[in-house]
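Input: a single structure, listed below in structure tokens.
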Amino acid sequence: MNASNAPSAREPQVSPLHGLLGPCVRSALFVALVTGVAYPLATTGVAQLLWPETASGSLIRQGGTVIGSRLIGQHFTAGHYFHPRPSATTGPDPADHGRTAGVPYNAAASLGSNQGPTHAALIEAVQQRVRNYRRTNGLAAGAAVPVEAVTASASGLDPHISVANARLQMDRVARARQLPMSEIRSLLARHTEGRWLGLLGEPRINVLLLNLALDARQPPATAASASREGEAHVR
Amino acid sequence: MQRDVTAFVLVLALVAGLAMLMGRWLAHAFADERHWPLERLSYRVLGIDPGERMGWARYGLALLLSNAAMMTLGYLVLRVQGLLPLNELGNPAQTPDLAFNTAVSFITNTNWQAYGGETSLSNATQMLAITFLMFCGATAGVAAAGGFIRALGRAGRQDIGNYWVDFTRVLWRVMLPLCFVLALVYVWQGIPQTLDSRAVATTLEGARQQLVLGPVASFETIKHIGTNGGGFFSMNAAHPFENPTPLTNTLHILSMLLIPSALTVTFGLMLARRRQGWVFFAAFLLMFAGFLALVYGAEQGGNPLLAQVGAEQSRSAAQPGGNMEGKEMRFGIAGTALFVTTTTAATTGSVNAMHDSLTPLGGLVPLAQMMLNCVFGGDGVGLINLIQYAILTVFLAGMMIGRTPEFLGKKIEAREIKLVMLSVLAHPASILGFTALAMLWPATGASLANHGAHGFSEVLYAYTSGTANNGSAFAGLNANTPFFNTTIGLAMLIGRYFTLLPLLAVAGSLAAKHTVAEGPGTFPTATPLFMGLLVFVVLTVGGLTFLPALALGPIVEHLQMLAGQLQP
């Protein structure tokens with residue numbers, strides 16, 4: 001294509017390749033050093049100086065041990081805890097390490113379901129989750145279940161649930177912990193994050209932080225025994 | 001609904017405001033007579049003469065060969081990952097076909113990923129291979145746009161500028177300072193920035209949870225400002241560490257649209273045709289708004305099949321409603337719809353939701369925008385692509401009235417139209433050709449996560465994303481096979497260089513021509529009429545080329561969804 005470039009009196013005619021190879025190789029090395037080494041390292045240094053806590057993953061510590069990150073959801077199944085959204089993450093099967101199995105909230109390998117809207121497995125899974133959700137939370141057979149409570153998040157690590165979802169779980173948690181509803185309700189209100197500037201994002205509740213607040217109100221051991229009594233009571 | 005529309009309008013108004021600031025800054029960077037000390041140092045290191053004037057061929061060769069050298073370096077880093085430090089998780093090197101695919105992907109500004117970041121890359125490779133290549137691809141694209149615009153303003157000249165100067169200036173004046181400042185804002189919002197690879201937590205219920213950490217904030221900035229799009233983590237900007245709040249989500253969106261929209265202003269300033277620049281901006285915005293409305297409506301409307309099994313999808317004050325499969329609670333439907341539209345318009349390819357799980361019409365939007373490839377478009381190439389359609393538009397208008405078409409005071413002749421058509425045709429030839437090949441390839445079925453119409457969409461999406469240098473995916477497709485790695489790698493190369501180089505040639509050819517005076521028969525191009533015609537041509541050419549393929553994928557699936565037909 002360059003053959004049709006008409007020669008011009010003003011431009012010296014040299015091969016278009018002349019003197020290009022050296023700069024090309026040097027540009028790769030130079031840009032790699034600047035953008036691949038100096039830039040991320042300098043950013044790390046300044047970030048760790050200014051915001052060491054968030055720069056290191058917003059970790060929550062109790063005593064000496066890390067119990068999670070404020071930003072990353074955890075899997076909860078116990079009756080005295082609020083439950084998160086379904087998660088499609090997988091991991092090595094605990095029974096047979098050569099195989100993969102569903103391991104919800106595996107933060108080492110984020111994953112969405114990637115099931116399309118007409119995929120039979122998706123519809124079946126949602127149907128099953130709706131049934132489980134109603135049973136777990138003692139809802140009527142036809143009760144509406146918020147869509148986000150029965151669909152897998154994109155990352156598989158979504159730390160939040162909707163206000164509607166949390167409200168439907170309140171009754172179960174209050175019973176399991178034998179705490180008054182008013183107390184749970186005010187905890188929920190305190191843990192509801194609003195939209196940014198009242199405009200962006202959705203009102204939401206961080207499940208891990210809410211459950212931590214519950215545990216602070218009532219130590220986990222007591223909660224677990226109250227939960228067992230509660231379950232016996234329900235039956 | 002009203003709140004969401006207000007949010008959309010606010011974000012787009014911010015895009016326009018930022019475009020004016022950045023557009024001015026870029027125009028200054030491309031025209032400045034003086035070099036910064038850092039730039040002079042860079043010229044010395046590279047061993048180049050900043051005073052050299054390059055014709056389009058030499059300019060294009062410098063871009064192509066330096067990209068080749070950068071890609072090779074990135075490839076080598078990926079292949080020796082096991083020998084590098086900062087690899088606490090002990091990740092092995094990528095295989096040759098995967099490393100080829102990854103290196104091509106990141107140098108061409110595609111950032112398609114056939115690997116999961118947190119499970120296969122070390123912090124050293126995330127910085128030295130991935131962050132590095134993201135800077136290279138994006139900076140080269142913006143530099144090329146600078147050379148391209150400069151060429152359009154020349155008359156009777158062979159040279160279109162100096163590639164090294166353009167590249168160095170975009171790097172030092174735009175990319176690095178912006179990325180550094182924004183990275184600190186990101187860390188403040190919660191995005192990690194550390195050299196540690198992991199933290200191990202014991203959850204409240206006593207399970208072991210391994211959190212993967214790394215230099216994420218410095219990665220996120222160039223990923224979006226550079227319209228790159230590859231994720232540090234497998235689930236990309238849906239991962240709470242990459243996108244923890246609605247504010248970071250909005251900053252990602254603004255970053256992606258920043259340079260593509262600013263270049264329309266740069267164009268107007270450098271050519272002293274500001275109205276023309278705004279006509280291009282308005283054409284971008286018009287198409288963007290239409291696609292945004294479609295995906296927002298489809299996703300908020302939800303999936304009737306989920307409603308049938310008891311999921312409540314109507315919106316209320318206490319829940320977002322809509323199709324929430326594969327979406328994150330903190331963004332809801334509006335924050336996701338705006339992100340989906342932005343990432344495929346600006347051909348970034350970063351995702352904050354799983355596109356594979358969008359409703360059929362919601363999934364049609366990203367596909368269609370990548371097929372058109374000029375709704376804002378990637379850094380640099382978006383404007384170049386739109387100008388290619390503008391040349392086609394004046395050509396068609398000229399044919400209708402039987403005159404030689406003119407654009408920006410230059411006669412458009414056979415050579416320009418041939419080069420434009422080469423670029424216009426290379427794009428669908430790569431998408432449709434490779435999709436057809438993959439559908440016939442016996443092993444393709446094993447890579448699909450969904451079958452039927454949606455399975456076809458997964459394959460079509462992969463080659464569209466590769467060719468458009470987008471990088472997002474219907475991620476159910478397992479693309480880490482030698483066949484997909486190689487063919488998608490080729491699609492990315494074709495998509496990048498078979499549009500960039502012919503258009504640089506067009507620019508070079510226009511630069512050499514003398515300006516003709518505007519006459520009564522000149523079709524004015526800085527008018528709303530031209531804008532409408534331009535959008536019409538883009539949609540018509542795209543529609544004629546791609547509608548049959550879209551009909552086989554998302555449109556059939558939409559009808560199946562309405563009819564309640566499930567796919568295995």
Side-chain angles (χ1 to χ4, degrees), chain A residues 1-2 8 11 16 20 22-28 30 32 35-36 40 43-44 47 51 54-58 65-69 71-72 74 107-110 112 114 116-120 123 126-127 130 144 146-148 150-151 153-155 158 160 162-164 196 199-202 204, chain B residues 7 45-46 48 57-58 61 65-66 69-70 73 119 127-128 132 135 158 183 187 190 192-194 201 203 209-211 213 215 218 233-235 238-240 244 246-247 303 305 309-313 318-320 324-326 328-330 332 353-354 356 359 449-450 454 475-476 561 566-567:
Chain A
M1 274 180 283
N2 56 7
S8 148
E11 308 293 330
L20 270 188
C24 284
V25 172
R26 284 191 291 273
S27 74
F30 178 66
T35 65
T43 313
T44 308
W51 293 288
T54 50
S56 306
S58 311
T65 49
V66 176
I67 57 159
S69 163
L71 300 176
I72 304 290
Q74 293 189 358
S110 56
N114 281 314
T118 55
H119 199 311
I123 310 303
V126 172
Q127 185 164 30
V130 167
V147 60
E148 123 283 346
V150 290
T151 46
S153 62
S155 62
D158 196 341
H160 297 111
S162 72
V163 178
W196 193 68
L199 209 58
L200 300 167
E202 287 290 325
R204 60 202 181 277
Chain B
V45 174
L46 300 190
I48 57 103
R58 187 161 165 85
L61 264 179
L65 292 178
S66 62
M70 290 158 175
L73 181 59
T119 49
M127 298 194 294
L128 193 54
F132 154 62
F135 269 99
Q158 291 297 325
V187 174
Q193 179 71 24
T194 169
T203 68
Q209 190 183 41
Q210 176 169 302
L211 304 160
L213 301 167
S218 60
F233 297 97
S234 187
M235 293 298 108
H239 195 293
L247 176 60
N303 180 349
L305 299 172
V309 294
E312 175 59 51
Q313 293 179 94
Q319 69 138 333
M324 283 298 285
E325 176 69 27
E328 297 283 300
M329 186 55 219
R330 58 196 177 283
M354 289 305 105
D356 217 346
T359 59
N450 295 267
H454 197 83
M561 181 181 82
L566 298 184
Q567 302 301 313

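None of the values given here were measured: they were computed from a predicted structure. Just so it is clear: chains get the letters A, B, ... in the order the sequence lines come, proteins before strands, and each one is counted from 1.
For B:L128, the side-chain contact (heavy atoms from CB on, under 4.5 Å) criterion is met by A:A32, A:V37, B:V77, not counting sequence neighbours. Residues that satisfy the ring-ring contact (aromatic ring centres under 6.0 Å, His included) test with B:H454, not counting sequence neighbours, are B:F474.
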Could you give me the CA-CA distance, side-chain angles and deciding distance for A:S153 and B:M329, then say whether side-chain contact (heavy atoms from CB on, under 4.5 Å) is met? CA-CA 8 Å; A:S153 62; B:M329 186 55 219; over 6 Å; no

Test side-chain contact (heavy atoms from CB on, under 4.5 Å) on A:T54 and B:Q193 and set out the steps. CA-CA 8 Å; A:T54 50; B:Q193 179 71 24; over 6 Å; no

Go through the steps for A:T118 and B:L305 under the test side-chain contact (heavy atoms from CB on, under 4.5 Å), then give the verdict. CA-CA 8 Å; A:T118 55; B:L305 299 172; 4.2 Å; yes

Working note: B:Q319 + A:V147, criterion side-chain contact (heavy atoms from CB on, under 4.5 Å); need CA distance, chi angles, decisive distance, verdict. CA-CA 8 Å; B:Q319 69 138 333; A:V147 60; 4.1 Å; yes

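Both the backbone and the side chain of B:L65 come within less than 4.5 Å of a heavy atom of chain A. B:L213 touches chain A through its side chain: at least one heavy atom from C-beta onward sits under 4.5 Å away, while N, CA, C and O do not. In this structure, chain A has a heavy atom under 4.5 Å from the side chain of B:Q209, while its backbone stays farther away. For A:S27, the parts lying near chain B are the backbone and the side chain together; criterion is any non-hydrogen pair under 4.5 Å. When heavy atoms are compared at a cutoff of 4.5 Å, B:N303 approaches chain A solely by way of its side chain, counted from C-beta outward. With a 4.5 angstrom heavy-atom cutoff, A:V66 touches chain B via backbone and side-chain atoms both. With a 4.5 Å cut-off on non-hydrogen atoms, B:T203 touches chain A through its backbone and its side chain both.
In summary, B:R330 and B:E328 engage in a salt bridge, as defined by a charged side-chain N under 4.0 Å from a carboxylate O.
The candidate with the highest count of non-hydrogen atom pairs below 4.5 Å against chain B, out of A:S69, A:G112, A:G116, is A:G116. Per-residue heavy-atom pair counts under 4.5 Å with chain A were compared for B:L247, B:T119, B:I48, and the maximum is reached by B:L247. Across A:A109, A:G201, A:A55, A:S58, the residue that shares the most heavy-atom pairs under 4.5 angstrom with chain B is A:A55. Contact tally against chain B (heavy-atom pairs below 4.5 Å) for A:H119, A:Q127, A:E148, A:R204: the top residue is A:H119. Ranked by non-hydrogen atom pairs under 4.5 Å with chain B, the options A:G22, A:G68, A:G57 are led by A:G57. Counting heavy-atom pairs under 4.5 Å between each of B:G332, B:P244, B:A311 and chain A puts B:A311 at the top. Between chain B and the residues A:V163, A:T151, A:L199, A:N114, the largest count of heavy-atom pairs under 4.5 Å involves A:N114. Of the listed residues (B:G476, B:A183, B:P215), the greatest number of heavy-atom pairs within a distance under 4.5 Å of chain A belongs to B:G476. Annotation: maximal heavy-atom pairing with chain B below 4.5 Å, among A:A120, A:S110, A:A164, A:A47, occurs at A:S110.
Counting all heavy atoms, side chain and backbone alike, B:A238 lies closest to B:A353 at CB-N, 4.2 Å.
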